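Computed from a predicted model, the values in this text were never measured in an experiment.
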Amino acid sequence: MTILLGVTGFYGTENPDGVTVNCGLDHNRFIISDRPFNGSRKAELQRPAFCPIKNLSAEQAASLPEEISGRGVDVGVAILLESVNKRILLTRRSKGLHIFPNVWVPPGGHMEDGEELLDAGLRELQEETGISLRGANLPWSILGLWESASPPLLSRGLPTRHHIVTYLLVSSNETHQELQEKLCPDEQEVSACVWLDQDIAEQIVATGDGEEDSGRKRPGTQTSVM
């Protein structure tokens, strides 16, 4: 596969920014395929139109150092924790972080050798927020896959990291108020937390850049600023 296509472009012949794939772990490797395989799950793989991997010119790709072009793709996991009363937890990355400072994201990070997808996500959830759900046997599902690079825009420099992030929905049997009591964020990684209901999340997604109310706090949110 050429870096000029990226993972999404390689499989998305009709839509280079989105395609349905089969994914799963096989012998400690995260596999993406256009065909089902043992233990695989179907998921939507997407990337932004401005993804640097997609927009690299042949000259830019050729100029990448071997340690970057030959690095491969890092695999990450993000957890969307949903309370029993249908609130979703987001965290704001600390301003001192090198990658995406002050950005609101679900808890998550890179997988470690030998980890399953859910185990990696729950470990990151506990490390970042203090909420421990490992061993709780909660229902979960794959929401989708996201291809990205760092820096996220070519205007900020050539990519040095290439990622596929798996988004998992984990459904808790506790309310967001009960889960809030367990929050103990790692201040080096998380500067704030917020619980959003589905309507608020949909409004945020539907709000276009530059709209007057795009930054207005709406009813239905609960925040814990550390």
Side-chain angles (χ1 to χ4, degrees), residues 1-37 39-80 92-117 120-121 124 142-168 189 205 208-210:
M1 177 188 354
T2 172
I3 194 171
L4 294 178
L5 288 175
V7 181
T8 311
F10 180 80
Y11 291 108
T13 54
E14 296 183 5
N15 178 7
D17 295 331
V19 63
T20 300
V21 296
N22 301 278
C23 63
L25 286 175
D26 181 43
H27 295 90
N28 203 32
R29 297 180 303 164
F30 186 70
I31 305 296
I32 295 176
S33 175
D34 55 355
R35 299 179 181 180
F37 57 91
S40 68
R41 296 171 181 246
K42 281 192 175 297
E44 186 71 14
L45 169 63
Q46 296 184 350
R47 67 180 175 188
F50 55 80
C51 178
I53 302 299
K54 170 188 176 181
N55 293 296
L56 274 177
S57 68
E59 291 76 18
Q60 288 173 321
S63 71
L64 293 174
E66 173 61 29
E67 61 267 24
I68 293 177
S69 62
R71 176 186 175 90
V73 182
D74 294 322
V75 178
V77 180
I79 291 287
L80 281 91
R92 186 174 64 197
R93 292 172 60 82
S94 294
K95 63 180 180 180
L97 292 175
H98 178 65
I99 300 176
F100 302 130
N102 291 321
V103 174
W104 287 95
V105 295
H110 289 101
M111 294 183 64
E112 297 180 354
D113 287 344
E115 282 188 316
E116 298 291 330
L117 288 171
E124 289 286 348
I142 295 180
L143 289 181
L145 310 178
W146 185 254
E147 181 178 19
S148 65
S150 178
L153 298 169
L154 275 179
S155 60
R156 300 182 184 177
L158 295 178
T160 58
R161 302 287 290 270
H162 187 185
H163 309 88
I164 294 290
V165 180
T166 305
Y167 285 81
L168 307 181
E189 296 195 48
V205 172
D209 291 340

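To the nearest 0.5 angstrom, K42 atom NZ is 10.5 Å from E44 atom CD. Rounded to the nearest 0.5 angstrom, W146 CH2 and R47 CZ are separated by 10.0 Å. Note: I164 CD1 to S148 OG = 7.5 Å, rounded to the nearest 0.5 Å. Here L117 contributes atom CG and I79 contributes atom CD1; the two are 9.0 Å apart, rounded to the nearest 0.5 Å.
For the residue pair L158 and S63, the shortest heavy atom distance occurs at CD1-OG, 3.5 Å. A43 and I142 get closest at one heavy-atom pair: CB-CG2, 3.9 Å. Of all heavy-atom pairs between H163 and H110, the closest is CD2-NE2, 3.6 Å. The shortest non-hydrogen separation linking S40 to P36 is OG-CA, 3.7 Å. Contact between P106 and A78 at its shortest, heavy atoms only, is CB-CB, 4.3 Å. Of all heavy-atom pairs between A149 and P159, the closest is CB-CB, 4.0 Å.
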Side-chain donor-acceptor distances from residues 23-34 under 3.5 Å, at least two apart:
| residue | atom | partner | partner atom | Å |
| --- | --- | --- | --- | --- |
| N28 | OD1 | G114 | N | 2.8 |
| S33 | OG | R35 | N | 3.0 |
| S33 | OG | R35 | O | 3.2 |

Walk me through whether N55 and Q60 qualify under side-chain contact (heavy atoms from CB on, under 4.5 Å).
CA-CA 10 Å; N55 293 296; Q60 288 173 321; over 6 Å; no

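Two residues are said to be in side-chain contact when any heavy atoms from C-beta on lie closer than 4.5 Å; M111 and T166 fail this criterion. Side-chain atoms of P152 and F100, non-hydrogen and from C-beta on, do get closer than 4.5 Å to each other. Counting heavy atoms from C-beta outward, P16 and T8 have side chains that stay 4.5 Å or more apart. Between L97 and V103 there is no side-chain heavy-atom pair separated by less than 4.5 Å. Two residues are said to be in side-chain contact when any heavy atoms from C-beta on lie closer than 4.5 Å; L56 and L64 meet this criterion. Contact of the V77 side chain with the E124 side chain is not registered, since no non-hydrogen atoms from C-beta on lie closer than 4.5 Å.
Looking at residues two or more places apart in sequence or on another chain, you find no side-chain hydrogen bond (donor to acceptor under 3.5 Å, both in side chains) involving R41.
Side chain to side chain, E147 and H162 meet the donor-acceptor criterion of an N or O pair below 3.5 Å.
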